[in-house]
Peer 1: 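What follows is a structure written as structure tokens; I'll ask about it next.
Along the sequence shown, the residues carry numbers beginning at 1.
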Amino acid sequence: MMRARFFLLSVAWMVFAAMQATGVYNVRDYGAKGDGQTLDHTAINRAIDACVAGGGGQVLVPVGTYLCGSIRLKSNVDLHLMGGATILAAPASMKAYDESEVFGGPEYQDGGHTYFHNSLIWAEGQHNVSITGQGMIDGDGLTRHDTENAGNVQGGSIGTGDKAIALKLCRNVLIRDITIFRGGHFAIIATGCDIGTIDNVTIDTNRDGIDIDCCKYFTVSNTKVNTPNDDAIVLKSSYALKRPVFCEHILITNCIVTGFKLGTFLDGTYVPEKVNWVCGRIKLGTESNGGYRNITIANCTCMWSSGLAFEEVDQGCMENIVVTNISMSHVHHYPIYITTGCRNRGPKERTDVSSARDIYISNVIADDCDSLAGIIVTGMQGYPIKNVSLSDIRIQYRGGGKVVDKPYREQSTHYPEPRWAGPTPAYGLYARHVDGLRLHNVRFELLRPDERPEMLFDDVTHKNIQP
């Protein structure tokens with residue numbers, strides 16, 4: 001009996017040693033229980049530290065439910081969630097999350113974009129980091145509210161988890177195959193990161209899905225994002241790095257965004273949520289201190305979603321934007337929205353003026369679109385949007401709109417959301433303060449009559465309309 005026990009222990013030790021030799025570190029070997037009741041983030045962090053000490057490799061999370069506070073991802077570590085493994089966010093009452101870092105300067109963006117350490121999984125200044133596998137991150141214990149307080153040197157509520165995955169100033173990032181349910185304020189946020197891939201990820205969440213802020217050379221592909229209460233895939237250019245930084249060289253392709261009721265995307269019932277102020281959608285903005293350039297959005301499908309939104313309102317520059325092969329159905333509020341404004345959420349001494357140019361949108365089909373607004377392209381008086389091309393576009397509107405007898409709101413310092421501006425004066429397309437607008441094979445249909453004209457142009461120069 002003793003000999004058999006000794007033999008089993010020897011085998012177990014050899015397996016453990018072999019796994020470490022091959023760069024695989026099983027979190028259960030470092031004390032993780034996976035019972036859904038014991039806090040396991042300390043054990044997972046021990047496994048990560050051992051992996052780093054061993055030169056890097058894979059931290060393996062096997063089948064089980066791992067109740068966790070903050071997990072600190074580090075360089076050369078792949079956090080791998082096996083199928084059947086769930087990292088479950090602990091409730092705030094357990095005070096298991098790291099304190100928010102000290103920002104040390106004026107906060108021109110909300111706390112969710114300012115602080116990162118109070119997250120379920122976070123990394124700052126790391127390289128070659130990845131989160132992979134067929135497992136799930138369930139942010140049940142995360143808050144969906146922005147709990148940090150501007151001016152609080154500690155950054156906000158101690159013990160409250162705010163985001164599922166938060167990465168800042170990292171290089172070579174990979175997030176692949178995982179599922180995120182209830183991701184908190186942001187399911188994934190990457191700020192100031194270079195060279196990243198988010199691929200084949202499924203997200204069903206209660207606020208933003210994916211926020212890519214001040215990043216470059218990023219690809220989001222083959223990913224499904226259900227966000228009934230906020231934006232699905234968003235590019236931003238905030239002042240979180242204490243300077244204006246472009247979000248640039250970004251590809252979003254082969255993705256699906258939806259606005260179904262929370263949880264019904266994952267369980268397969270697909271229940272449309274009531275129309276919120278916004279839901280679903282692919283968006284640039286609103287944070288736009290640096291701007292966006294060299295952005296491609298292609299081969300995406302949007303269901304029960306707000307339309308495409310491109311918003312430059314914080315003194316940055318939006319240029320070289322290409323959008324093609326987009327299918328939309330049951331579109332809330334508007335199908336396509338391009339705007340500049342002067343909200344100017346940044347240092348008061350800045351003198352830059354928001355600008356947008358060279359935006360090309362083609363091969364878009366949308367049905368059952370809200371009658372609130374048509375396609376909107378609006379610059380600012382004296383600072384027009386330049387060179388916008390819309391081609392091979394078919395939009396079906398619900399119709400039923402009434403004549404608009406007052407001027408459409410100038411963007412100015414307002415928050416750039418068409419819902420709050422009211423109905424557009426044209427049901428199909430409204431353009432104002434634009435220099436260079438090309439329309440080719442743009443068609444609008446109505447499900448019922450609409451009293452407004454099909455298209456209306458105000459202060460639009462160098463207009464070219466082709467059948």
Side-chain angles (χ1 to χ4, degrees), residues 16 19-20 24-54 57-74 77-101 111-112 115-124 126 129-145 147-148 154-168 175 178-189 205-207:
F16 175 56
M19 289 181 69
Q20 286 192 315
V24 178
Y25 298 79
N26 191 319
V27 298
R28 288 186 178 268
D29 295 328
Y30 294 86
K33 301 298 183 184
D35 58 11
Q37 299 180 7
T38 306
L39 281 173
D40 282 329
H41 61 283
T42 301
I44 293 174
N45 285 326
R46 280 198 295 266
I48 290 172
D49 289 341
C51 182
V52 172
Q58 184 181 90
V59 172
L60 180 66
V61 183
V63 176
T65 299
Y66 300 81
L67 185 66
C68 289
S70 292
I71 296 170
R72 303 164 196 141
L73 194 58
K74 297 184 179 180
V77 172
D78 170 32
L79 182 64
H80 186 82
L81 281 59
M82 291 180 60
T86 298
I87 292 179
L88 177 64
S93 60
M94 299 187 79
K95 298 190 181 300
Y97 299 95
D98 291 343
E99 275 190 57
S100 302
E101 63 269 43
Y115 305 104
F116 294 78
H117 297 184
N118 59 325
S119 301
L120 180 59
I121 301 172
W122 68 268
E124 181 174 353
Q126 305 299 306
V129 295
S130 61
I131 304 171
T132 63
Q134 297 291 331
M136 175 182 285
I137 296 171
D138 184 348
D140 184 39
L142 301 175
T143 178
R144 62 185 294 270
H145 303 290
T147 56
E148 300 89 344
Q154 293 303 318
S157 304
I158 297 173
T160 301
D162 184 68
K163 298 169 279 289
I165 298 173
L167 307 173
K168 181 180 181 182
I175 302 174
I178 63 169
T179 295
I180 302 176
F181 179 43
R182 298 180 291 200
H185 194 167
F186 303 115
I188 299 172
I189 182 170
T205 191
N206 39 8
R207 279 291 300 275

Peer 1: How long is the span from the CD1 atom in Ile189 to the CZ atom in Phe116, to the nearest 0.5 Å?
Peer 2: 4.5 Å
Peer 1: Donor-acceptor check, side chain of Thr65 to backbone of Gly36, threshold 3.5 angstrom: yes or no?
Peer 2: no
Peer 1: Decide side chain to side chain contact (heavy atoms under 4.5 Å, CB included) for Thr160 and Asn118; before the verdict, give the C-alpha distance in whole Å, the side-chain angles of both, and the deciding distance to 0.1 Å.
Peer 2: CA-CA 7 Å; Thr160 301; Asn118 59 325; 5.9 Å; no
Peer 1: Provide the closest heavy-atom pair for Ala187 versus Ala164 in the form atom of the first, atom of the second, distance.
Peer 2: O-CB, 3.3 Å
Peer 1: Measuring only between side-chain heavy atoms, which start at C-beta, is Tyr115 closer than 4.5 Å to Glu101?
Peer 2: yes
Peer 1: Could you pull out all residues at least two apart from Asp138 that satisfy side-chain hydrogen bond (donor to acceptor under 3.5 Å, both in side chains)?
Peer 2: Arg182
Peer 1: Any idea which heavy atoms bring Gly57 and Cys51 closest together, and the distance?
Peer 2: N-SG, 3.1 Å
Peer 1: Do the side chains of Met136 and Leu88 get nearer than 4.5 Å, heavy atoms only?
Peer 2: no
Peer 1: Rounded to the nearest 0.5 Å, how far apart are CG of Leu120 and NE2 of His41?
Peer 2: 10.0 Å
Peer 1: If I compare all heavy atoms of Val63 with all of Gly83, which pair ends up nearest, and what's the gap?
Peer 2: CG2-O, 3.4 Å
Peer 1: If you define the side chain from C-beta out and look only at heavy atoms, does anything of Ile71 sit under 4.5 Å from Ile48?
Peer 2: yes
Peer 1: What closest approach, in Å, do Ser119 and Ala166 show between heavy atoms, and which atom pair accounts for it?
Peer 2: OG-CB, 3.4 Å
Peer 1: Closest heavy-atom contact between Asn206 and Gly184?
Peer 2: OD1-N, 3.4 Å
Peer 1: Given Val24, which partner from the list Leu60, Asp29, Val59 fulfils the side-chain contact (heavy atoms from CB on, under 4.5 Å) test?
Peer 2: Leu60
Peer 1: Could you pull out the closest heavy-atom pair between Glu124 and Gln126, with the gap in Å?
Peer 2: O-NE2, 3.0 Å
Peer 1: Counting distance only, does the side-chain N/O of Lys33 pair as donor-acceptor with the main-chain N or O of Leu67 below 3.5 Å?
Peer 2: no
Peer 1: Output yes when a side-chain donor or acceptor of Arg144 lies under 3.5 Å from a complementary backbone atom of Arg207, and no otherwise.
Peer 2: no
Peer 1: Could you go through the side chain to side chain contact (heavy atoms under 4.5 Å, CB included) check for Val77 and Val129 one step at a time?
Peer 2: CA-CA 5 Å; Val77 172; Val129 295; 5.8 Å; no
Peer 1: Just say parallel, tilted or perpendicular for the rings of Trp122 and His117, cut-offs at 30° and 60°.
Peer 2: parallel
Peer 1: Taking C-beta and beyond as the side chain, do Leu81 and Ile137 meet within less than 4.5 Å on heavy atoms?
Peer 2: yes
Peer 1: Would you give the length of the straight line joining atom OG1 of Thr205 to atom CZ of Phe186, rounded to the nearest 0.5 angstrom?
Peer 2: 10.5 Å
Peer 1: Testing Ile175, Ile121, Ile165 one by one against Leu79 for a side-chain contact (heavy atoms from CB on, under 4.5 Å), which residue passes?
Peer 2: Ile121
Peer 1: Among all residues two or more places apart in sequence or in another chain, which pass the side-chain hydrogen bond (donor to acceptor under 3.5 Å, both in side chains) test with Arg72?
Peer 2: Asp98
Peer 1: With a 4.5 Å heavy-atom cut-off, do Tyr66 and Arg28 have their side chains touching?
Peer 2: yes
Peer 1: Can you find a pair of side-chain heavy atoms, one from Tyr97 and one from Leu142, that are under 4.5 Å apart?
Peer 2: yes
Peer 1: Is there a side-chain contact between Asp40 and Val27 in this structure, where contact means two heavy atoms from C-beta onward sitting under 4.5 Å apart?
Peer 2: no
